[in-house]
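The shown structure was predicted, so the numbers you read here are calculated from the model rather than taken from an experiment. Position 1 is the first residue of the sequence; numbering continues from there. Side chains are part of it too, since the values below use all heavy atoms of this structure and drop only hydrogens, waters and symmetry mates.
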Amino acid sequence: MKLICIGRNYTDHIAELENEKPEDPVVFQKPDTAILLKKQPFFIPDFSNDVHYEVELLVKITRVGKHIQPKFAHKYYDEIGLGIDFTARDLQAKLKSKGLPWEKAKGFDGAAVIGEKWLDKNRFSDLNNINFSLKKNDEIVQNGNSSLMLWKIDELIAYISTFFTLKIGDIIFTGTPAGVGPVAPEDNLTGFIEEEEIFSINIK
């Protein structure tokens with residue numbers, strides 16, 4: 001399986017990191033070893049002093065596809081999930097400043113949280129109007145809505161499939177809204193789609 005991630009898909013997040021608005025979706029991948037094991041805490045790695053949470057809606061691919069047209073993209077997924085793209089922000093900044101790839105800052109062990117609960121997409125009246133949020137120690141730190149995506153879910157699937165064959169079980173991280181920030185030992189992160197809790201993890 002592949003974990004395909006989209007960067008800079010929310011204008012407010014682009015602004016908070018002082019990045020340039022992209023002309024096309026920013027695509028990168030995490031290895032499957034980045035998946036945080038179920039019911040395990042997230043351990044802050046020794047190589048970073050500034051790991052940030054980034055909550056994101058997820059899509060799980062259910063059919064093999066290549067060069068998928070946007071109008072057919074809805075046939076390639078049945079469920080919506082929620083996860084966290086953990087980022088070693090200090091390491092990422094160092095690598096970006098040198099023009100180097102920044103997979104080390106995004107793809108390290110445990111850097112991908114995938115909520116255990118997936119929701120049938122048919123329960124949503126509009127996939128382009130899904131509310132999601134992240135609480136840190138019971139305080140909301142990120143609030144997002146899929147209507148604010150620069151590229152919507154079906155557009156992302158079509159774009160990604162231009163470059164990579166999508167396979168059953170692949171998961172797409174669709175980007176994060178504003179409000180990203182650092183984690184510290186003993187923090188708790190809880191993610192919600194609408195009012196439903198999708199995951200809760202502890203930081204060590």
Side-chain angles (χ1 to χ4, degrees), residues 1-14 16 25 27 30 32 34-42 52-63 70 73-87 106 110-158 160 166 168-181 183 187-203:
M1 67 176 292
K2 299 187 291 294
L3 303 179
I4 303 169
C5 305
I6 304 299
R8 305 183 192 178
N9 201 23
Y10 288 82
T11 301
D12 53 0
H13 177 57
I14 294 171
E16 76 175 343
V27 180
K30 293 175 182 263
D32 58 5
I35 298 173
L36 185 67
L37 298 177
K38 292 181 179 180
K39 303 189 184 306
Q40 293 295 309
F42 172 77
H52 284 205
Y53 53 79
E54 299 185 10
V55 72
E56 311 196 9
L57 289 175
L58 309 182
V59 177
K60 186 190 299 181
I61 299 300
T62 56
R63 298 173 60 181
H74 66 93
K75 298 177 179 288
Y76 288 81
Y77 63 101
D78 298 324
E79 297 174 309
I80 302 294
L82 193 71
I84 294 177
D85 164 19
F86 278 120
T87 304
K106 289 278 194 179
V113 173
I114 298 173
E116 293 184 36
K117 188 181 294 186
W118 289 82
L119 305 182
D120 188 324
K121 70 177 184 182
N122 293 317
R123 66 183 286 177
F124 302 102
S125 58
D126 184 0
L127 293 177
N128 295 323
N129 187 24
I130 300 175
N131 293 301
F132 61 101
S133 60
L134 182 73
K135 287 184 177 180
K136 176 182 171 183
N137 304 328
D138 292 324
E139 179 181 344
I140 292 179
V141 288
Q142 285 190 276
N143 249 328
N145 184 286
S146 57
S147 67
L148 301 175
M149 290 180 178
L150 296 178
W151 292 277
K152 305 300 190 279
I153 292 172
D154 289 356
E155 293 174 312
L156 292 174
I157 289 173
I160 292 166
L166 291 171
I168 296 169
D170 288 350
I171 293 176
I172 299 173
F173 283 65
T174 61
T176 195
V180 303
V183 295
D187 281 346
N188 173 265
L189 299 176
T190 309
F192 299 84
I193 295 179
E194 300 296 346
E195 303 299 321
E196 189 162 352
E197 182 179 314
I198 306 299
F199 64 77
S200 181
I201 63 167
N202 296 315
I203 309 298

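No side-chain N or O of Asp187 forms a donor-acceptor pair with one of Asn202 less than 3.5 Å apart. Side chain to side chain, Tyr77 and Asp170 fail the donor-acceptor criterion of an N or O pair below 3.5 Å. Checked by atom type, the side-chain pair Asn188/Asn137 shows no donor-acceptor distance below 3.5 Å.
Separation of atoms OG1 (Thr176) and OH (Tyr10) is listed at 7.5 Å; rounding is to 0.5 Å. Taking CD1 of Ile61 as the start and NZ of Lys2 as the end, the distance is 9.0 Å to the nearest 0.5 Å. Once rounded to the nearest 0.5 Å, the distance linking CG of Asn131 with OG of Ser146 reads 8.0 Å. Lys117 contributes atom NZ, which lies 10.0 Å from atom CZ of Phe192 (distance to the nearest 0.5 angstrom). Within the model, atoms CG of Asp154 and NZ of Lys152 stand 11.0 Å from one another, a figure rounded to the nearest 0.5 Å. We find the OG-CD1 distance between Ser125 and Ile130 to be 9.0 Å, quoted to the nearest 0.5 Å.
With sequence neighbours left out, the salt bridge (Lys or Arg N to Asp or Glu O under 4.0 Å) criterion links Arg123 to Glu196.
The side-chain contact (heavy atoms from CB on, under 4.5 Å) test with Ser133 is passed by exactly one of Asn143, Leu82, Thr190: Asn143. For the side-chain contact (heavy atoms from CB on, under 4.5 Å) criterion with Met149, the lone passing option out of Leu57, Ile6, Asn128 is Leu57.
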For side chain to side chain contact (heavy atoms under 4.5 Å, CB included), just list the numbers for Ile201 and Val113, CA-CA rounded to whole Å, side-chain angles, deciding distance to a tenth of an Å, and then say yes or no.
CA-CA 9 Å; Ile201 63 167; Val113 173; 3.7 Å; yes
Between Asp32 and Leu3, does the side chain to side chain contact (heavy atoms under 4.5 Å, CB included) criterion hold? Intermediate values first, please.
CA-CA 7 Å; Asp32 58 5; Leu3 303 179; 5.6 Å; no
How far apart are the C-alpha atoms of Phe124 and Leu119, what are their side-chain angles, what is the distance that settles it, and do they pass the side chain to side chain contact (heavy atoms under 4.5 Å, CB included) test?
CA-CA 9 Å; Phe124 302 102; Leu119 305 182; 3.9 Å; yes
Evaluate the criterion side chain to side chain contact (heavy atoms under 4.5 Å, CB included) for residue pair His74 and Ile157; output intermediate values, then yes/no.
CA-CA 9 Å; His74 66 93; Ile157 289 173; over 6 Å; no
Residues Phe86, Tyr53; criterion ring pair (Phe, Tyr, Trp, His ring centres under 6.0 Å); working and verdict
CA-CA 5 Å; Phe86 278 120; Tyr53 53 79; 8.0 Å; no
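Without hydrogens or angle criteria, Thr174 side chain to Leu58 main chain gives no donor-acceptor distance under 3.5 Å. Judged by distance alone, with hydrogens and angles left aside, the side-chain atoms of Glu56 form no donor-acceptor pair with the main-chain N or O of Ile84 at under 3.5 Å. Using modelled atom types, no side-chain atom of Lys121 and backbone atom of Val59 make a donor-acceptor pair closer than 3.5 Å. Side chain of Ser147 to main chain of Asn129: no donor-acceptor pair is present (N/O by atom type, distance under 3.5 Å, no hydrogens or angles). Side chain of Gln142 to main chain of Pro177: a donor-acceptor pair is present (N/O by atom type, distance under 3.5 Å, no hydrogens or angles).
Heavy-atom minimum distance, Leu127 versus Ile153: O-CD1, 4.5 Å. Of all heavy-atom pairs between Trp151 and Arg8, the closest is CZ3-O, 4.1 Å.
With a 4.5 Å cut-off on side-chain heavy atoms, Val141 and Lys135 do not count as touching. For the pair Ile4 and Val27, the minimum side-chain heavy-atom distance is below 4.5 Å. No side-chain heavy atom of Leu156 sits under 4.5 Å from any side-chain heavy atom of Phe173. Contact check for Ile168 versus Thr62: no side-chain heavy atoms found under the 4.5 Å cut-off.
More than 12 heavy-atom neighbours from other residues, nucleotides or ligands sit within 6.0 angstrom of CG on Asp126.
Salt-bridge formation is detected for the pair Lys30/Asp85: a Lys NZ or Arg NE/NH1/NH2 atom is positioned less than 4.0 Å from an Asp or Glu carboxylate oxygen.
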